[in-house]
Amino acid sequence: MIRARELDIKLSAESGQPLTFFGEFGRDGSRDTLSYPVEDGYIRIYAESAPDTKIEYDFWGSISSKEARKDIYDRFSLGLDMKSVYASINTDEFMDNAIKALRGMRITRNQPWETALCFTVSQFNNIKRIRGIISRLSERFGELRDVEGRRMYGVPSPDVLSDVPLRELRRCGTGFRDRYIRSVARAFALNDSFPELYRMPYDEAKSSLCAIDGIGDKVADCILLFGYGRVEAFPIDLWVKRVVERIYFGGRKQRIRMIHSFAEDRWGAVRGYAQQYVFWHGRKMGIGKLD
DNA sequence: ACCCAGGCGGGCG
DNA sequence: CGCCCGCATGGG
């Protein structure tokens, strides 16, 4: 059991983050459960009430209890002081409402390659379909973990996806993203998932990712934020763009560049957190929905 | 049927 | 640079 403050597991896992795409959600009595693959096994979390919570967990495979515990601790950033994050991003009434509505939602930290795959698939796509594509890719090309009668597939490795024929990828419903998936898989296989991106200066790290065919401004920021824990990354998808334009620019269209510099000025080094609250609260409120 | 989706690359001015 | 276009697919 792990005690945590300011943590809502369900919100953190379901708010369009990587766990939304390769995690499995369920119920255990009155509790929500989340299962996700890790190494050669998987972890299952039992979600208690938020925002101050107790995390119960089980794990299967060759990992130890200590490793499972550490995975959960790192994945949900339990060492991070959310009070100070909220102090930085609670800049106005909209953010105050977002934080009240979504208290405990964290930026999860996932494996870089799994994150890269999820957000490569995400482009010009919707959350439900991204889930389906990732799950079909995992079933066909991932490693099966079959423990105690429960089957779960791991996310396929970049090495495997590097050599899969494009038509086989497309058979999983990837559409035109097939060649991007291959390109990103090859880059991650060749560079051992870019371990230097954890510490490289943000601009430099982003340029490295944008050099890969299939990764642009938005996907690069998602990979840095959810894969490398770079909370200074501020991914701008169409929702974030519309919400920021509506709330902070009187509905006037702004360039992506402008929104990046606005976010940096307003929310500083933890603007990735601001982005996640803008994104999810904006969507839930229907702000930015087309008329 | 029609519209949309956690965008990107290429081509144009 | 900035803008515009096509891109596959399935759910609402």
Side-chain angles (χ1 to χ4, degrees), chain A residues 11-23 98 102 105-108 110 112 114-137 140 165-187 206-228 230-231 233-246 252-261 263 271-291:
Chain A
L11 271 176
S12 304
E14 292 188 315
S15 51
Q17 302 195 38
L19 287 168
T20 310
F21 306 129
F22 60 74
L102 303 174
M105 180 174 69
R106 303 233 179 183
I107 301 291
T108 60
N110 307 273
E114 295 176 349
T115 307
L117 177 63
C118 288
F119 287 100
T120 299
V121 169
S122 80
Q123 62 178 275
F124 195 37
N125 212 338
N126 59 64
I127 288 178
K128 188 163 292 183
R129 218 165 77 82
I130 299 164
R131 265 188 72 81
I133 293 170
I134 296 297
S135 127
R136 286 189 291 277
L137 287 171
R140 300 214 188 169
L166 294 184
R167 65 175 302 120
E168 295 298 319
L169 294 179
R170 200 168 273 224
R171 206 161 283 167
C172 297
T174 61
F176 63 90
R177 308 164 192 82
D178 53 354
R179 66 187 184 88
Y180 295 154
I181 293 170
R182 168 186 281 181
S183 154
V184 174
R186 289 182 173 170
K206 188 165 171 179
S207 303
S208 313
L209 289 173
C210 287
I212 300 168
D213 186 37
I215 296 181
D217 181 87
K218 189 269 178 181
V219 170
D221 273 332
C222 283
I223 297 171
L224 289 172
L225 181 60
F226 301 114
Y228 293 92
R230 302 298 298 259
V231 293
F234 189 89
I236 303 172
D237 75 318
L238 68 92
W239 285 94
V240 171
K241 183 169 186 295
R242 286 178 196 155
V243 173
V244 169
E245 284 167 348
R246 179 157 316 178
R252 294 184 303 280
K253 298 287 184 190
Q254 301 297 317
R255 294 171 185 155
I256 298 293
R257 268 197 135 64
M258 178 59 178
I259 298 180
H260 276 305
S261 78
R271 54 192 180 278
Y273 261 93
Q275 178 274 163
Q276 191 61 18
Y277 280 79
V278 167
F279 172 68
W280 204 241
H281 189 59
R283 281 186 66 137
K284 284 191 152 187
M285 296 284 94
I287 299 171
K289 202 178 290 184
L290 297 177
D291 297 324

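Chain letters run A, B, ... following the sequence lines, proteins first and then strands; every chain starts at 1.
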Tell me whether the OP1 or OP2 atom of B:dC4 has a side-chain N or O from A:R283 closer than 4.0 Å.
-> no
If I take atom [atom1] in residue [X] and atom [atom2] in nucleotide [N], what distance separates them, rounded to the nearest angstrom?
X	N	atom1	atom2	result
A:M258	C:dC3	CE	P	14 Å
A:K253	C:dC4	NZ	C1'	14 Å
A:R257	C:dC1	CZ	P	6 Å
A:K218	B:dG9	NZ	P	13 Å
A:I127	B:dG7	CD1	C1'	14 Å
A:I212	B:dG7	CD1	C1'	16 Å
A:K241	C:dG2	NZ	P	12 Å

Out of C:dC3, B:dG9, B:dG7, which has the shortest distance to the side chain of A:R255?
-> C:dC3
Please work out if [X] contacts a base, only the sugar-phosphate, or nothing of the nucleic acid, heavy-atom cut-off 4.0 Å.
X	value
A:L238	sugar-phosphate
A:S183	nothing
A:I223	nothing
A:D178	nothing
A:G16	base

Find which nucleotide of DNA chain B each of A:S122 and A:G214 is nearest to by heavy atoms, and output the residue with the more 5' nucleotide.
->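 That would be A:S122.
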Whichever of A:I215 and A:V240 has its nearest DNA chain B nucleotide further upstream toward 5' |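 Nearest-nucleotide comparison on DNA chain B picks A:V240.
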Option passing side chain to side chain contact (heavy atoms under 4.5 Å, CB included) with A:Y228 (candidates A:V231, A:L224, A:L225) = A:L224
Do side-chain atoms of A:T120 reach the backbone of A:Y180 as a donor and acceptor pair under 3.5 angstrom?
-> no
For the side chain of A:S183 and the backbone of A:D213, is there at least one donor-acceptor N/O pair under 3.5 Å apart?
-> yes
Separation of the P atoms in B:dG10 and C:dA8, to the nearest angstrom |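 Each nucleotide's P atom is 14 Å from the other's.
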Charged N-O contact under 4.0 Å between A:D178 and A:R167 = no
Could you tell me whether A:E245 and A:R242 make a salt bridge, using a distance below 4.0 angstrom between a side-chain N and a carboxylate O?
->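 No, this pair does not count.
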Quick one: do A:N125 and A:I133 satisfy side-chain contact (heavy atoms from CB on, under 4.5 Å)? Show the steps, please.
-> CA-CA 10 Å; A:N125 212 338; A:I133 293 170; 3.6 Å; yes
Nucleic acid footprint by protein, nucleotides 6-12 of chain C - heavy-atom cut-off 4.0 Å, B for base, S for sugar-phosphate alone = -BBBB-S
Validation row: A:C118, A:I134 side chains within 4.5 angstrom (heavy atoms) | yes
